Each structure stands twice: as structure tokens, then as C-alpha cells.
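Everything on this sheet refers to the single structure shown next.
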Amino acid sequence: MATDLTEALEALERDGRALIAEAESVDALEAARVRLLGRKDGRLTAVLRHLGELPVEERPAIGASANQVKAVLQAALEARAVELEATRPKVETGPDLTLPGRESWQGARHPVTLVIDEICAVLSGLGFTRVRGPEAESEWHNFSALNTPLDHPAADMHDTFYLSPGILLRSHTSPVQVRTMQAHQPPIRVVAPGMVYRRDPFDASHAPAFEQLEGLAVDEGINFVDLKATLAEFARRIFGPRVEVRFRPSFFPFTEPSAEVDVSCLICGGGGCSACKGTGWIEIMGAGMVDPAVFEAVGYDPERYTGFAFGMGPARIAMLRYGIPDIRLLYEADIRFLGQFS
Ligand code: PHE
């Protein structure tokens, strides 16, 4: 009887080792543990059930052997568990093939650049050539040659960014008129977009640096009808054929007579809304006939030549066109905003 049990324990140890070594997964290893050492139906339990059938004096030796076999199999189970853990593929450290792909970045033009290019294209169709001038400008080009005395409020240190005595960041694109006329003889038709600088607060409708766009036409026999016809046609091509255009008397030192140009409100169509402050009109530019004093400053004969000039803010036109409520959005370089125009 005792020899039967000893043999059974030896067989259990042998079979158990083989079973454990063959387990290729954590689940298979657990199944082996239950088969060998499971409390209810395990093989060790089955052997120990016969312990009571032995004479009392033989029981301790068999009991000790049973405990030894149990310890051996438990150690083998633990060792195999460590092996399986080490060889398990580590999916979480490899590339996650289920992630969505990354979209490639696509550059796009800034909304103000879009508007500038569109305005230049329309004016190109009317015969205007695109030109540029420096942003650091002389007092003479920015003010004096444009019939603006240096004691004019616009020339004041508090309204303008001076870089050194006599040199400043241009406060408008009108000095490009002067530079163009100094460099070329009439007939002239140019459009000059670029940045201008003013000591304005940075709020919803002002920026200390912003784009302007200047136009200039000079020839013999140009009159106010040319100015009106050109700018009305320009407005129709930019804002659509049904837009209405109105000229209001105004003043600029370098044009005489001068006008502010309004278009019928694009939002309400002229009925009056918050965008046009209830007036039905929105101002889009300043304009006028070139003052003879400007022709004298650049050496043109004011008896022979006449011309017209106009200046507008493409950022404001972009805001109208796209319904942008705050000018600062245009200068914050926020991809979430700019991406809407690509
Ligand atoms: N330079 C003017 C301004 O900045 C605009 C303007 C340009 C007016 C040309 C008339 C003619 O306000």
C-alpha cells in the first residue's frame, strides 16, 4: 500500500514536470496547476485521499513525500510562469497600428494677402501696375512732399514711430506716390500695397501695424469723372455688381478735392445694421485729385498733369468680406483661425 502511494507520487512529479514544461500560455499553465494540485479534483488530492488507508506509523513518511512533490511542482509552476511572461510579445511598446494617420500640413495665404492679391488683380485689369516702397521712410516722403507740414498733428512724435531724427516707420502708403513720380514720368497708373505703422491702440478695430493699399493715376486730362468711374468699377468688381457706391466730401493734405468712398453695407444690403452702425453704408477708402503742391514737390508741371489717388485698408475689406469681427484675429497667427481660409 505504501509503495503504491510512493509510486503514485513519483508518477505525479514526473507527469507534472512534463505538463508544466509543455504549457505554452498562461491559461495552459493554470489548467496544468488545477489538474495537478487543484484542491477538489487535482492528482495530489487524489493520492492523499488514500493516506487514511495506511497504518498510522507509515503515514508521516508518505505525507512528507507528498509535501515535497507539492513544493517541487509549485516551484516548477512559478518558474514556467516567469518564462512565459518574459517571452510574451510586448504589444504596448511597439508602434500602434490602429492610430489614425497624421495629415500633412498644407500652407495657405493669409486672408489679408488673399484680398490684396484680388484687389491688385482687379486694378491690373484697369491698367494699374503693382509697385513697392520702403517701410522705413523719410519725413520728407511721408509728410513734406505730400503737402503735410511737420507741425501737422499726423507728423507728431506721439502719432508716429520715429526710428531716428527725420526717419520713421511710414504712417501710410502715400509716400510710394512720391517715389513713383520721382522715378517715372506720366502716364502713371500704379497700385502699392504694404505695411504702415501708427501709434494706435491694439483693439477690435485698430492695429499699430496694418496693411494699406495705395493707388495713383497721373496723365494729361485726368479728372474727377475718371476717379469716380474707376473706383465705382473697382467696387463692383470686388463686392459684386449690385453694390452701390457713394462719394462724401473729405480732406487730405495731398488731394484736392478729397472724398471718402462708401459702399452699401454688405451685411444688410443698405437697410441698416450693427455692422454699418445703422447707416446702410460702409467706408472703404479715402481718395481725391492729386494736389498741385505734390506735383511741384516731385518736379511735375501742375499746369500740364492731373491725377487721382486713393488709399484703403485691405484688412478692413477682408473683415467685411469674411465677416471677421475683430482685427486682432488677423494678426495672432492662430492656425485654427487661419486654417479656415486655406
Ligand atoms: N493716406 C491716406 C490715409 O492714410 C489715404 C489716402 C490715400 C487718401 C490717397 C487720399 C488719397 O488715411
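Remember, it's 1-based here, ligands and their atoms both numbered in the order they're listed. If you read the sequence from its start, that first residue is 1, and numbering goes on from there. Note that this is a predicted model, so its numbers are computed, not measured.
- Panel note: side chain R237, backbone G125; no donor-acceptor pair is recorded below 3.5 Å.
- We find that E24 and R80 are joined by a salt bridge, their nearest charged nitrogen and carboxylate oxygen being less than 4.0 Å apart.
- By the 4.0 Å heavy-atom criterion, M312 is excluded from the residues contacting ligand 1.
- Remark: ligand 1 and T255 share no N or O pair separated by less than 3.5 Å (distance only, no angle test).
- For ligand 1 and F310, the ligand atoms under 4.0 Å from any heavy atom of the residue are 7 (C), 9 (C), 11 (C).
- Checking only distances, S171 never comes within under 3.5 Å of ligand 1, N or O to N or O.
- Under 4.0 angstrom from ligand 1, the non-hydrogen atoms of R198 all belong to its side chain.
- Judged as a salt bridge (Lys or Arg N to Asp or Glu O under 4.0 Å), the pairs with a partner in residues 239-253 (not counting sequence neighbours) are, in order, R246-D262, R248-D262, R248-E283.
- Contacts of F254 with ligand 1, taken as heavy-atom pairs under 4.0 Å, involve the side chain alone.
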Inset, instruction - List the steps, then state whether salt bridge (charged side-chain N to carboxylate O under 4.0 Å, His left out) holds for R130 with D117. - result: CA-CA 10 Å; R130 191 165 174 161; D117 287 349; 3.2 Å; yes

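- On a distance-only criterion, Q177 and ligand 1 share no N/O pair closer than 3.5 Å.
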Legend entry - Verdict with supporting geometry, F254 and H172, ring-ring contact (aromatic ring centres under 6.0 Å, His included): CA-CA 12 Å; F254 38 90; H172 52 175; 5.6 Å; yes

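- Side chain of R17 to backbone of V72: no donor-acceptor contact under 3.5 angstrom is found.
- Under 4.0 Å from ligand 1, the heavy atoms of A287 that appear belong solely to its backbone.
- Using cut-offs of 30° and 60° for the angle between ring planes, the F202 and Y331 rings count as tilted.
- Below 4.0 Å from some heavy atom of S174 lie the following atoms of ligand 1, by number and element: 1 (N), 7 (C).
- In terms of polar-atom proximity, defined here as any N/O pair under 3.5 Å, E214 makes no such contact with ligand 1.
- Aromatic ring centres of Y305 and Y300: separated by under 6.0 Å.
- Taking a cut-off of under 4.0 Å to the non-hydrogen atoms of Q212, the atoms of ligand 1 that pass are 3 (C), 4 (O).
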